[in-house]
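Comments concern the structure below.
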Amino acid sequence: MAYSDYVKAAKLGKKDYQNRLMRGELPTLEVLDNILQTEKTVKEVSLGLVDIPLNQVVGTKTYGRSSSFSSNFMPLLDADTEFAQKWINLSISQENEGIRDPIKAYEYMNKFYVLEGNKRVSVLKYFGAVSIAAEVTRLIPPKNDTKESKIYYEFMDFYELSQINYIYFTQPGSFTELQRLIGKAPDEKWDDSDRTDFNSLFSRFQMEYNSKGGSKFEHITEGDAFLLFIKIHGYRDLLDKTSNEIRDWIVSGWEEFELLDKKEVDLRMTTTPKKTFSLSKLLPTSSPKLKVAFIYEKNPELSSWVYAHELGRLHLDHTFPDEVETVRYDNIHPDNIDDSLNSAIDEGCNIIFTTSPAFLQASVKAAIANPKINILNCSLHAPHSYVRTYYARMHEAKFVMGAIAGAMTENNKIMYIADYPIYGTIANINSFALGVKTVNPRAKVYLEWSSQKNFNSNELMGEIQPDCVSDKDLSTPELEFKKYGLYKVYSDNIWNLAVPLYHWGHFYSQLISNIMDGTWKSEEAKNIKAINYWWGMSENVIDIISSQWLPEGIKRLIHLLSNTIRSGSFNPFTGIIHSQNGVIQNSEDQTLSPNDIITMDWLSDNIIGRIPDISELSDNAKPVTIQQGIKPQNDN
């Protein structure tokens, strides 16, 4: 039996060897000493005796026996060799009592290279073992700014807390996100119970995920897929689920993993031409109306953001009085959003708009469970296939607002009060600053964040002494705030110069029209991809209202800039742009791509201030920032 196992293992090895050779790849084991000839190490650390994942054992420390194995660690030598007999003896030991003697290995960049025990690794891999005991020495490379280095150093920090070495990611920040999702503080260590629970859930996920074909994905790891899975379904909730339930959720949400591997976001920046289509073809005769739910994180009376969306809902009621019925859910938090989504679905809502990025993952979970319900989330740069996302190009209006501020300032001090450091917000800030610079290169923009702990606008204004301030975009009738939009500051009063507007009503009515005339269905791509609507001034989703008392020259400037942006003949992010650290972010004849605009993590050189770390934010601001936050450029 053991002899036939060796023959089978050798066949697997030779097959792998030939396949890799034909693809021009290294057909034998990697050799760490060869890698270290071109790579430096700064430190050796003994990890002691630990279990290491066999799928991360990729080679040998020295050249030695590396050519005796194919890259999958299956043997290559003939069955009548001494090497083969030793392999056979080990396989007998494995079947009778299990291989217990630990190997010696080096770990480098979370891959393991065997110093002693190659045949033990080979036998265990052949029999499908998951891990092997090893005396491990870690070789630490110098830290640098590459993505690989950042991920590895984050892994080492995570390992110190968890002693978990079998999960890895392709994106920086993922280990920190995992620590948060399992309910741990950033520096909180794991106990044995934590490790047991995690290993149980990850193992069950890994088995079901790979049985469905997850190992075939080219651009994501099992860790990436697992992180997405617990984001959607919740780590604590998953711990009590059976393997069958986990398998069902993996199968029903499989497109999410396919999209994660492709990383495709179909950014719809213009409206789609209408088609002739009747509402009756979309809805059953028993439900002649579309019932649309709006789910708000706060309420329209106290939140200008919610108030803007509420105006959009009312516009929808007015535009489609006979075809559409709307309902709203106020003061919904991330911890009870699941209940609100289920209530909206139970009440017969065909379409649900969740108007906060903090609701994104709950929206995806509900959409997977209810594929006939159209759920849209107000967020940006979200790669999900089961929900569509939407946002507005507010940076277009912010450029015009900056130009007004640059022209109206007298002391060249302009204060910009931002809310959350999330996708899109940095573009708004930079666009405003570029508008200022266009008309007044001497002026400086002082950036402050209302979402930071202990934020006090009066104290900051007293320190900075700005004469123009860009504040929240809108007030609400009940609060009657005067400090919104762009205003000029006087000793005893303010003058509201201009206000940028979200016309969510135009957006919502266009989307509902698309659903009613069939355009929505025709937009569904043949290939799986995320659909993100990102409309701006040309689609009448963004506009500016200015004071009638502005000088005539500034009124003409507003008209000129707004029309050129609306027509597409001018983009605020065209031409040379210098960031705070002196880097040129754009060339003279180049326009930044939409993706570069959305994911900006730098600030223009005429801005005084920085992007805050999440630890500096108030508790209310953290959920949105965790979901959609921009990592500061200087946060390594």
Side-chain angles (χ1 to χ4, degrees), residues 12 51-58 72-73 110 124-132 155 158 162-171 174-175 177-184 190 192-264 338 360-371 382-387 527-530:
L12 292 172
D51 282 337
I52 62 175
L54 277 165
N55 62 358
Q56 289 168 227
V57 181
V58 299
N72 61 1
F73 252 103
N110 200 37
L124 287 174
K125 278 181 175 268
Y126 173 77
F127 282 103
V130 174
S131 63
I132 186 171
F155 160 72
F158 174 76
S162 66
Q163 300 299 299
I164 299 293
N165 60 8
Y166 50 80
I167 189 168
Y168 211 69
F169 303 105
T170 60
Q171 297 300 320
S174 297
F175 285 105
E177 180 77 346
L178 177 61
Q179 178 83 352
R180 181 188 68 82
L181 287 171
I182 69 163
K184 291 289 186 184
W190 296 30
D192 290 340
S193 176
D194 295 326
R195 282 185 283 273
T196 299
D197 288 345
F198 184 85
N199 182 64
S200 173
L201 178 57
F202 183 75
S203 297
R204 285 180 288 149
F205 170 84
Q206 188 180 42
M207 180 179 66
E208 303 299 342
Y209 172 77
N210 286 326
S211 69
K212 182 72 170 64
S215 59
K216 296 179 181 178
F217 290 134
E218 296 181 3
H219 306 298
I220 60 173
T221 65
E222 292 170 343
D224 293 325
F226 181 75
L227 189 66
L228 174 63
F229 191 65
I230 63 174
K231 275 184 182 179
I232 294 172
H233 296 289
Y235 177 74
R236 292 295 167 189
D237 292 339
L238 285 167
L239 288 176
D240 297 327
K241 301 302 177 184
T242 65
S243 294
N244 286 341
E245 289 173 313
I246 290 174
R247 181 182 63 247
D248 290 343
W249 281 357
I250 288 174
V251 171
S252 63
W254 190 252
E255 289 182 6
E256 287 294 301
F257 302 124
E258 293 180 316
L259 184 60
L260 186 65
D261 185 54
K262 293 180 180 180
K263 293 182 172 62
E264 289 184 84
D338 291 334
L360 176 59
Q361 299 303 339
S363 301
V364 175
K365 181 180 178 180
I368 291 173
N370 302 275
H384 296 285
S385 61
Y386 290 88
V387 301
N527 296 322
I528 297 167
K529 58 177 66 174

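- To the nearest 0.5 Å, the span separating CG on Leu238 from CZ on Phe202 amounts to 13.5 Å.
- Annotation: side chain of Ile167 is not in contact with side chain of Leu227 (no heavy-atom distance under 4.5 Å).
- For Asn244, the side chain to side chain donor-acceptor pair (under 3.5 Å) partners two or more places apart in sequence, or in a different chain, are Arg247.
- Aromatic ring pairs are classed by plane angle as parallel below 30°, tilted from 30° to 60° and perpendicular above 60°; the pair Tyr168 and Phe175 is perpendicular.
- The minimum heavy-atom distance linking Pro53 with Tyr166 is given by the pair CG-CB, 3.5 Å.
- Under the ring pair (Phe, Tyr, Trp, His ring centres under 6.0 Å) criterion, Tyr386 pairs with no residue at all, not counting sequence neighbours.
- Leu260 approaches Ile220 most closely through the heavy-atom pair O-CG2, 3.6 Å.
- Looking at heavy atoms from C-beta onward, Ile182 lies out of side-chain contact with Asp194 at the 4.5 angstrom threshold.
- Counting all heavy atoms, side chain and backbone alike, Ile368 lies closest to Ser252 at CG2-OG, 3.4 Å.
- Here the two rings, on Phe257 and Tyr209, have centers that are under 6.0 Å apart.
- In this structure the side chain of Tyr235 never reaches within 4.5 angstrom of the side chain of Arg180, judged on heavy atoms.
- Between Ala382 and Leu360, the closest heavy-atom pair is CB-CD2, 3.6 Å.
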side-chain contact (heavy atoms from CB on, under 4.5 Å), that's the test. Do Lys365 and Asp338 meet it? Break it down for me. CA-CA 9 Å; Lys365 181 180 178 180; Asp338 291 334; 4.2 Å; yes
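- Here the CG atom belonging to Leu228 is positioned 6.5 Å from the NE2 atom belonging to His384, to the nearest 0.5 angstrom.
- Remark: side-chain polar atoms of Lys212 are not paired, donor with acceptor, to backbone N or O of Val251 under 3.5 angstrom.
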Please walk me through it: do Tyr126 and Phe73 pass ring-ring contact (aromatic ring centres under 6.0 Å, His included)? CA-CA 8 Å; Tyr126 173 77; Phe73 252 103; over 10 Å; no
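- Across Ala367 and Val387, no two heavy atoms sit closer than the pair CB-CG1, 3.5 Å.
- Between the Asn165 side chain and the Asp51 main chain, a donor and an acceptor come within less than 3.5 Å of each other.
- Side-chain contact between Asn72 and Lys125 is absent, with no heavy atoms from C-beta onward closer than 4.5 Å.
- Taking the six-membered ring for Trp and thresholds of 30 and 60 degrees, Phe205 and Phe229 have ring planes inclined between 30 and 60 degrees apart.
- Looking only at side-chain heavy atoms (C-beta outward), Trp190 and Gln163 stay at 4.5 Å or farther from each other.
- Phe217 has its side chain out of reach of Asp224: every pair of non-hydrogen atoms, C-beta onward, lies at least 4.5 Å apart.
- Taking the salt bridge (Lys or Arg N to Asp or Glu O under 4.0 Å) definition, one finds that Asp192 meets it with Arg195, sequence neighbours left out.
- Listed for the Glu222 side chain is no donor-acceptor partner under 3.5 Å among the backbone atoms of Ser215.
- Taking CZ of Arg204 as the start and NZ of Lys241 as the end, the distance is 10.5 Å to the nearest 0.5 Å.
- Between Phe226 and Phe198, the ring planes lie perpendicular to each other; the angle is over 60°, past the 30° to 60° tilted range.
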